[in-house]
Amino acid sequence: MNELQYKIEALLFSSGRKMEIGELAKLCRETPETIRSSLSELRESYSQRNSSLMIIEEGTSWKLAVR
């Protein structure tokens, strides 16, 4: 994982709620496109590791959940 993915993971974990891509982009000082790409990579990473956590996309929002 890269530094941006760690930031996104920390934000999703600590918020305990769904977060819009725009909100994540603002908090990370990145573009929405960069956030969307990092979220997709992070979701794939959790899937490949058979992690007990997963990243879920719900419309324009994303959240961290237990599998």
Side-chain angles (χ1 to χ4, degrees):
M1 286 194 331
N2 62 41
E3 185 177 334
L4 178 56
Q5 290 171 336
Y6 284 122
K7 286 181 185 179
I8 293 170
E9 182 182 54
L11 286 167
L12 291 174
F13 179 81
S14 62
S15 74
R17 63 176 173 83
K18 295 186 280 187
M19 296 184 77
E20 297 276 336
I21 287 184
E23 182 180 10
L24 289 166
K26 185 176 178 180
L27 291 169
C28 293
R29 297 184 178 136
E30 294 287 346
T31 66
E33 293 80 19
T34 302
I35 296 297
R36 183 178 307 281
S37 175
S38 289
L39 280 164
S40 294
E41 290 170 10
L42 190 57
R43 179 173 50 185
E44 183 63 28
S45 173
Y46 278 118
S47 179
Q48 288 177 355
R49 290 185 283 162
N50 287 328
S51 174
S52 59
L53 299 175
M54 62 183 174
I55 303 284
I56 299 173
E57 180 179 12
E58 293 182 346
T60 59
S61 298
W62 293 73
K63 69 180 182 178
L64 186 64
V66 176
R67 192 171 299 277

Enquirer: Minimum heavy-atom separation for Ala25 and Pro32, please, with both atom names.
Expert: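 Where Ala25 meets Pro32 most closely, the heavy atoms are CB-N, 3.9 Å.
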
Enquirer: Are Val66 and Leu64 connected into the same hydrophobic cluster when the rule is that any two of I, L, V, M, F, W, Y join if their side-chain heavy atoms are below 4.5 Å apart?
Expert: yes

Enquirer: Is a side-chain N or O of Ser37 found less than 3.5 angstrom from the main chain of Glu33, in a donor-acceptor match?
Expert: no

Enquirer: Is the backbone of Asn2 close enough, under 3.5 Å, to the side chain of Gln5 for a donor and an acceptor to pair up by distance?
Expert: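 Judged by distance alone, yes, a pair lies under 3.5 Å.
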
Enquirer: So which heavy atom on Lys63 is nearest to which on Leu12, and how close?
Expert: CA-CD2, 4.2 Å

Enquirer: Once rounded to the nearest 0.5 Å, what's the spacing between atom OH of Tyr46 and atom CG of Leu53?
Expert: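 Spacing of OH (Tyr46) from CG (Leu53) equals 5.0 Å.
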
Enquirer: Which pair of non-hydrogen atoms, one from Lys18 and one from Ser61, has the smallest distance, and what is that distance?
Expert: CB-CB, 3.8 Å

Enquirer: Working to the nearest 0.5 angstrom, can you tell me the gap between Lys7 NZ and Ile35 CD1?
Expert: 9.0 Å

Enquirer: Measuring from Ile55:CD1 to Ser47:OG, what's the distance to the nearest 0.5 Å?
Expert: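 The distance works out to 11.5 Å.
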
Enquirer: Within the side chain of Arg49, is there an N or O that forms a donor-acceptor pair under 3.5 Å with the backbone of Ser45?
Expert: yes

Enquirer: If you count the non-hydrogen atoms of other residues, nucleotides and ligands that lie under 6.0 Å from CD in Glu3, is the total more than 12?
Expert: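 Atom CD in Glu3 is not packed in, count stays at 12 or less.
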
Enquirer: For the residue pair Glu57 and Leu39, establish whether any side-chain heavy-atom pair is separated by less than 4.5 Å.
Expert: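 They are not in side-chain contact.
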
Enquirer: Considering residues at least two apart in sequence or located in another chain, which fulfil the salt bridge (Lys or Arg N to Asp or Glu O under 4.0 Å) criterion with Glu20?
Expert: none

Enquirer: In Å, rounded to the nearest 0.5 Å, how long is the span from CD of Glu23 to CG of Leu11?
Expert: 8.5 Å

Enquirer: A quick test of your reading: do over 12 heavy atoms of other residues, nucleotides or ligands sit less than 6.0 Å from CZ of Arg17?
Expert: yes

Enquirer: Could you measure the distance from the CG atom of Leu27 to the CD1 atom of Ile8? Nearest 0.5 Å is fine.
Expert: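 Result: 10.5 Å between the selected atoms.
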
Enquirer: Check Tyr6 against Met1 and note the closest heavy-atom contact, atom names and distance.
Expert: CE2-CE, 2.9 Å

Enquirer: Identify whether Ile56 and Trp62 are in the same connected component of the hydrophobic contact network (ILVMFWY, side-chain heavy atoms under 4.5 Å).
Expert: no

Enquirer: Is the shortest heavy-atom distance from the side chain of Ser38 to the side chain of Leu24 under 4.5 Å?
Expert: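 Not in contact.
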
Enquirer: Out of curiosity, Arg36 CZ to Glu30 CD, how far, rounded to the nearest 0.5 Å?
Expert: 14.5 Å

